[in-house]
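Dropping the structure in here first, questions after.
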Amino acid sequence: MFVNVLKSKIHRVTVTEANLDYIGSITIDEALMEASNIIENEKVDIYNITNGERISTYAIKGERGSGVIGINGAAAHKVGVGHLVIIASYAMMDFEEAKQWHPTVIFPTDNKV
């Protein structure tokens, strides 16, 4: 049996950009992506602490050290500049392996590692 478990989480970052006229995705500071073990094009869920919205999209790299968290495309209707969000990704693994698994969770300060 396989189960989905939390792989990576960026806990409580502030959205710095919301771009409606964009193809989609979330732009994340490359340093935050590395620290949280999220790779480019990986599916991520965005949990909006400010208004309760939940969205799935994919991650793209933003400028390293910029602190950018950019919501792109239609999701910008649900998440705005200044909103606090959690960004999470999941992995599927064997049930026994999952019992021993420990996700990578980071708690940035001012959107910096």
Between Ile86 and Arg12, the two heavy atoms sitting closest are CG1-N, 3.9 Å
Rounded to the nearest 0.5 angstrom, the CD1-CD1 distance for Ile87 and Ile10 is 4.5 Å
*asked:* For Glu63, I'd like to know if atom CD has over 12 heavy atoms of other residues, nucleotides or ligands within 6.0 Å.
replied: no
Check whether Val81 and Tyr47 end up in the same hydrophobic cluster, where Ile, Leu, Val, Met, Phe, Trp and Tyr are linked by side-chain heavy atoms less than 4.5 Å apart.
no
message: I'd like to check Glu34 versus Arg64 (side-chain heavy atoms, cut-off strictly below 4.5 Å). Are they in contact?
response: yes
In this structure, CD1 of Ile38 is separated from CD1 of Ile26 (nearest 0.5 Å) by 8.5 Å
ask   = Between the main-chain N or O of Asn48 and the side-chain N or O of Glu53, is there a donor-acceptor pair closer than 3.5 Å?
value = no
Donor-acceptor check, side chain of Asn51 to backbone of Lys78, threshold 3.5 angstrom: yes or no? yes
Are Phe95 and Phe2 linked, directly or through intermediate hydrophobic residues, by side-chain heavy-atom contacts shorter than 4.5 Å (ILVMFWY only)?
no
| query | Is it true that atom CG of Asp21 has more than 12 heavy atoms of other residues, nucleotides or ligands lying nearer than 6.0 Å? | reply | no
Problem set entry | Asn4, CG atom: more than 12 neighbouring heavy atoms under 6.0 Å | yes
**Item:** Path from Ile69 to Ile106 over hydrophobic side-chain contacts below 4.5 Å
**Value:** yes
ask   = Same cluster or not: are Tyr58 and Tyr22 linked, directly or through other Ile, Leu, Val, Met, Phe, Trp or Tyr residues, by side-chain heavy atoms under 4.5 angstrom apart?
value = yes
Between Ala76 and Leu20, the two heavy atoms sitting closest are CB-CD2, 3.9 Å
In this structure, would Met33 and Val68 fall into the same cluster of hydrophobic residues linked by side-chain contacts under 4.5 Å? no
**Asked** Does Arg54 reach the side chain of Asp45, with side-chain heavy atoms less than 4.5 Å apart?
**Response** no
Just do the side-chain contact (heavy atoms from CB on, under 4.5 Å) check on Asn72 and Ile23 with the steps written out, would you? CA-CA 7 Å; Asn72 302 312; Ile23 186 172; over 6 Å; no
Check: Can you tell if the side chain of Asn111 reaches within under 4.5 Å of the side chain of Asp29, non-hydrogen atoms only?
Finding: no
* Asked: Just by distance, do the side chain of Lys7 and the backbone of Asn37 share a donor-acceptor pair under 3.5 Å?
  -> yes
Interatomic distance, CG@Leu32 vs NZ@Lys61, rounded to 0.5 Å, equals 13.5 Å
Interatomic distance, CD@Glu97 vs CE@Met92, rounded to 0.5 Å, equals 12.0 Å
d(Gln100 CD, Asp94 CG) to nearest 0.5 Å is 11.0 Å
On a heavy-atom basis, the closest approach of Leu6 and Pro103 is O-CB, 3.2 Å
Would you find a donor on one side and an acceptor on the other, under 3.5 Å apart, between the side chain of Thr27 and the backbone of Ile60? no
Here the gap from Phe107 atom CZ to Lys9 atom NZ, rounded to the nearest 0.5 Å, amounts to 6.0 Å
Closest non-hydrogen atoms of Thr104 and Ala35, given as atom of the first, atom of the second and distance, are CG2-O, 3.3 Å
Whether Ser89 side chain and Lys43 backbone form a donor-acceptor pair below 3.5 Å:
no
Heavy-atom closest pair (Val113 atom, Ala31 atom, distance to 0.1 Å) is CG2-O, 3.6 Å
